[in-house]
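In what follows, a single structure is set out as structure tokens and then discussed.
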Amino acid sequence: NRLDSEIIKISKGRIFAKVGAEGLCTMLHTKKEQAVVLKIFADDMYARAVLAGELLLNLEWFNYDEYKIFEKLYPKTIDKNRLIESCLKF
């Protein structure tokens, strides 16, 4: 399953997401009319998914129950150093 499809499904269409090449993920909250772009510089698709879930929770776009569903698909079993190396810049 693709990250963007899972985000759309979990949010019941409230959040539109589209992943792109080189670690890019664009997300749009249709009700809040807000958008965010996530860029992972190491092109690590798993790190991108973990960070996208955290971002959606911190922005309060995912509620806790939605986040838990997402976390089962993309558990935080990633090496912390790998995540730091892949981290985004704001």
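This chain uses plain numbering: 1 for the first residue, then up along the sequence.
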Show the numbers, then the answer: is there a side-chain contact (heavy atoms from CB on, under 4.5 Å) between K18 and M27?
CA-CA 7 Å; K18 181 67 179 142; M27 297 170 282; over 6 Å; no
Can you find a pair of side-chain heavy atoms, one from C25 and one from V37, that are under 4.5 Å apart?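 No, their side chains stay 4.5 Å or more apart.
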Nearest heavy-atom neighbours spanning L38 and R48 |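 For L38 versus R48, the nearest heavy atoms are CD2-O, 3.6 Å.
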Exercise. Which atom pair, heavy atoms only, marks the closest approach of Y74 to V50?
Worked result: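 So the minimum-distance heavy-atom pair works out to O-CG2, 4.1 Å.
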Rounded to the nearest 0.5 Å, what's the gap from [atom1] on [X] to [atom2] on [Y]? Could you check?
{"X": "S11", "Y": "K31", "atom1": "OG", "atom2": "NZ", "result": "9.5 Å"}
{"X": "D4", "Y": "K9", "atom1": "CG", "atom2": "NZ", "result": "12.0 Å"}
{"X": "L24", "Y": "F41", "atom1": "CG", "atom2": "CZ", "result": "10.0 Å"}

Positive for side-chain contact (heavy atoms from CB on, under 4.5 Å) with R2, one of I8, I7, V19:
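Single side-chain contact (heavy atoms from CB on, under 4.5 Å) partner of R2 among I8, I7, V19: V19.
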Check your understanding: Hey, are E66 and W61 close enough side-chain-wise for a donor-acceptor pair under 3.5 Å?
Key ->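 Their side chains do not contain a donor-acceptor pair, so the 3.5 Å distance test is not met.
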Would you be so kind as to tabulate the donor-acceptor pairs closer than 3.5 Å made by side chains of residues 53-60, with sequence neighbours excluded?
{"unit_1": "E54", "atom_1": "OE2", "unit_2": "Y67", "atom_2": "OH", "d": "2.2"}
{"unit_1": "E54", "atom_1": "OE2", "unit_2": "K76", "atom_2": "NZ", "d": "2.8"}
{"unit_1": "N58", "atom_1": "ND2", "unit_2": "E54", "atom_2": "O", "d": "2.9"}

| message | Under the rule for side chain to side chain contact (heavy atoms under 4.5 Å, CB included), what residues qualify as partners of L73, not counting sequence neighbours? | response |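 Side chain to side chain contact (heavy atoms under 4.5 Å, CB included) check on L73 returns E6, I10.
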Do the side chains of F70 and V36 join up, straight or via other hydrophobic residues, at under 4.5 Å, putting them in one cluster?
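In one cluster: yes.
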*Exam field: side chain T30 to backbone I15, donor-acceptor pair closer than 3.5 Å*: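 Side chain of T30 to backbone of I15, a donor-acceptor pair under 3.5 Å: no, none is there.
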